[in-house]
Amino acid sequence: MADSPAILWVKSSYSTDNGGTCVEWAPSNVTATGIVPVRDSKCTDGPTLMVSADAFAGLVSLARSAAL
């Protein structure tokens, strides 16, 4: 899924501007389709992981519970 005007990517609040763990997701796409696109913000033309809203919620929950 290439960067598109229809997709508004939002960087994770856990990502840093200095090249750290940079994950982006597209919340507006969830509202329209129920699918959450997730990508590496350092490689915007790379692959996009497409997961259901429930699966994304599980990933967020897992990340929050992990000792980072």
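We're numbering straight along the sequence, starting at 1.
Residues passing the side chain to side chain donor-acceptor pair (under 3.5 Å) test with Ser28, sequence neighbours excluded: none. Evaluation of the side-chain contact (heavy atoms from CB on, under 4.5 Å) rule for Ala57 yields no partner, not counting sequence neighbours. For Ile35, the side-chain contact (heavy atoms from CB on, under 4.5 Å) partners two or more places apart in sequence, or in a different chain, are Asn29, Thr33, Met50. Looking at residues two or more places apart in sequence or on another chain, you find a side-chain contact (heavy atoms from CB on, under 4.5 Å) between Val10 and Trp25, Pro27.
Sorted by first then second residue, the ring pair (Phe, Tyr, Trp, His ring centres under 6.0 Å) pairs that include residues 33-52, not counting sequence neighbours, number zero.
The nearest pair of heavy atoms linking Ser41 to Lys11 is OG-CE, 3.9 Å. Here the shortest heavy-atom pairing between Thr48 and Pro37 reads CG2-CB, 3.7 Å.
Residues Trp9 and Leu59 do not share a hydrophobic cluster, defined by chaining ILVMFWY side chains whose heavy atoms lie under 4.5 Å apart.
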